[in-house]
Amino acid sequence: MSTETVDPHVALAAELARLGRRLDEMGAELLRLHTDAAPVAAGPAPDAGTAPWSRSGDARPGAQVASNVDSAARSALDAPGGIAAGQGTPAPYWTPVPQPSGPAEARPYPLVTRRLTWTAISGARLLAWTGGGVTLLGVVLLLVLAASRGWFSPPARVTVGALLGVALIGLALWLHRRESARAGALALAATGFAALYLVVAAATALYGYLPDVPALLVALLVAAAGLGLADRWRAQLLGGGVVVGAALLAPVIVTDWLLVALALALQLAALPVVLRRGWSVLMLVAAAGPVIFGSAVGAMVVVDGDVVTIAVVLGVLAVGLGTAMPAARMLPREPVAGLVAATPVPVLATGAALGGWDGGALTAVAALAMGGFAAVPGLDRLLRTVGVTAAAVALFQATLVAVEGSTATAVLIGQAIVAAVVAAVLRSRLPMMIALAYGTVGVLMGLAQDAPVAALVQFPAIPYDQPGPGALLTGVGVSALALVLAVALLVAGGRVELIRPDTASAPLWIPIGLVGLYGATSLMVTIALLVSTDRAGFTGGHAVVTVSWTIAALVLLARGISRAALRITGLVLVAAAVAKLVLFDLVALDGVARVAAFLGAGLVLLAAGTRYARLVAEASSTEREAQGAPGNAS
């Protein structure tokens, strides 16, 4: 790179030439806007006098200046972003121009023009849509004010609103013929259709001119007309404006189940356009109204006791899944997954408000519907996951709404066992996650009320101190389910490769092992208390627990000769058994139970030590032989 000092006269000449080129480009832009002509193709213009962007050296003032400078100035003229002579016509202002790496003053003028034009268009759209929203709000205020002060007659109010909506749509059709006015045309059309939609709602809810079913049909026709116009104009923004304008302002006039029905009419009207044009945003906007309004209205069903509301909420579920079925094959999966996840929300809100068996049955319908959707052949994996997860959430709520107490604990743990079995059979991790979630809640509920830890270390203790075998039978059942759940989770975790006999998966199998240990301990103690409800049963049960811990530790040590995780677990369980002997059994037990616990545990530990030492010796001998065999020597 040359380090010679550039002559200031040469630099000045180069700068004047650059300004000349920019003036040429500005003149070309002004001429294009004046004549509204098509962009000129690349190459020299036929007439340099009428084409300021011509590459003819005689027609450009910048070229005249450039012809009088030396080679250093000409290299400055050909800097990035400049327009060298003989390179053809500059790119039109709407063509993307690569950004140069040089200074800001060397950037091409067309990019600045495009940015200014885009800013102006965005500002015009913002003003137009803001004006449409304000106008629509004014229509609502006019209807409300006229009704409160007795202005005009009800037919006149409805007629004025309808005429205003038609006039706005007509003006939009007239403006849409001009390309420069289409942003305002879209806003006017959306405002007009929303006004007509609100007029239908007012004529139905406020004045009673239309029965419910005809009102829904008329509303569907109005919305279909607006969405049809959006389809014809290929304007998703207009379709969204029609839906959003009506959905946001309809609650001002309608507040009961008819509000949800009107939102459903919008969603049904939008479905053909969504599938035809592939407008996923419009699909989500159209589905938002029924979900939001259905959740709000469904939460009040316990107050109203309206069966129609329940039917409408189920309609939201049906329409949502009916939309997702074809959309899953025609639209991106992420928006469809959002639709599937939001669809059962109104049913869940209504079921929670109802409560009892009615609410549980309603929520179970949502669980079955979402499970059926997830079972559709050929469904995308993400959509199937969302459907199964939504079904699991609905089933969980149905269980807690329909039943309570120890029954809910047993049902939740039972459902977790079923999910774990499904995960093991299908080798799928999603049922495994559901089993873990259900099992965690069920075991925590059992620890809190049905088979608490306090009842295992104290005698007598709640709830086992109650008269009759009811509480003990419940404890036996919950404890057995917890033990079966732990075994099922360990098997399923191994089948789906989430649980391995190493330390990497310890954060998962250690809690599961503790649940199994809790279930086995509680099961033994409660069975002993069923056999003998006095302290003898309590102490005898704990003696059996201590011995069983040592036996389990022996099994783990035998299986853990070559598996560090199992070996460490067995040693920890041995330490726990010894600690229980010294810290609990020695103090809490007495008589034959204390002797049985110490003798039984001691003999098992002696046998375990002898057997374990022999297994270790055999494993070491086998390893040495394998290392010394031919082909294994280094």
Side-chain angles (χ1 to χ4, degrees), residues 257 260-261 263-265 267-268 270-271 274-275 283-284 286-299 301 306-331 333-403 411-412 415 418-419 422 426 428 430-431 433-434 437-438:
W257 66 268
V260 186
L264 277 177
Q267 187 177 6
L268 288 172
L271 179 58
V274 166
L275 298 180
M283 176 191 68
L284 294 177
V291 170
I292 296 174
F293 298 149
S295 300
V297 175
V301 70
D306 192 358
V307 179
V308 180
T309 302
I310 299 176
V312 172
V313 168
L314 290 175
V316 175
L317 177 65
V319 172
L321 293 181
T323 302
M325 290 293 292
R329 293 171 172 79
M330 304 175 66
L331 299 179
R333 62 177 189 172
E334 288 80 8
V336 180
L339 173 64
V340 174
T343 294
V345 173
V347 177
L348 299 183
T350 308
L354 281 174
W357 284 99
D358 293 337
L362 180 62
T363 311
V365 171
L368 292 175
M370 301 308 298
F373 173 81
V376 173
L379 198 63
D380 182 83
R381 182 176 181 180
L382 174 62
L383 300 180
R384 193 182 306 278
T385 301
V386 173
V388 172
T389 304
V393 172
L395 181 61
F396 179 80
Q397 177 179 320
T399 302
L400 295 183
V401 168
V403 295
V411 172
L412 284 177
Q415 291 170 348
V418 173
V422 172
L426 300 180
S428 175
L430 182 58
M433 297 297 103
I434 296 174
Y438 275 56

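Throughout, residue positions are numbered sequentially from 1 according to the sequence presented.
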As a test of understanding, state which of V376, L379, L430 forms a side-chain contact (heavy atoms from CB on, under 4.5 Å) with R384.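 Option passing the side-chain contact (heavy atoms from CB on, under 4.5 Å) with R384: L379.
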
In this structure, which one of V319, L317, V291, T323 forms a side-chain contact (heavy atoms from CB on, under 4.5 Å) with T343?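 Testing T343 for a side-chain contact (heavy atoms from CB on, under 4.5 Å) against V319, L317, V291, T323 leaves exactly one candidate, L317.
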
Nearest atoms (heavy-atom pairs only) where [X] meets [Y]:
X    : Y    : result
P344 : A341 : CD-O, 3.5 Å
G387 : A374 : C-CB, 4.1 Å
M330 : L275 : CE-O, 3.0 Å
L348 : Q397 : O-NE2, 2.7 Å
P377 : R329 : O-NH2, 3.5 Å
G294 : P346 : C-CB, 3.7 Å

Quick one, [X] and [Y] - any side-chain contact, counting heavy atoms below 4.5 Å?
X    : Y    : result
L412 : F396 : yes
T389 : M370 : no
V336 : V386 : no

Do V316 and L264 pass the side chain to side chain contact (heavy atoms under 4.5 Å, CB included) test, and can you show the C-alpha distance, the side-chain angles, and the key distance before you say yes or no? CA-CA 7 Å; V316 175; L264 277 177; 4.0 Å; yes

Compile the donor-acceptor pairs under 3.5 Å between side chains in residues 356-369 and protein atoms, sequence neighbours left out, one pair per line.
unit_1	atom_1	unit_2	atom_2	d
T363	OG1	G359	O	2.8

Please test V313 against V260 for side chain to side chain contact (heavy atoms under 4.5 Å, CB included), starting from the C-alpha separation and ending with a verdict. CA-CA 8 Å; V313 168; V260 186; 5.6 Å; no

Ignoring hydrogens and angles, tell me if any N or O in the side chain of Y438 forms a donor-acceptor pair with the backbone of A392 under 3.5 Å. yes

Heavy-atom donor-acceptor pair, Q267 side chain to P290 backbone, under 3.5 Å: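 Flag not set: sc Q267 to bb P290 has no pair under 3.5 Å.
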
Pair I434-V388, side chain to side chain contact (heavy atoms under 4.5 Å, CB included): steps then yes or no: CA-CA 9 Å; I434 296 174; V388 172; 3.7 Å; yes

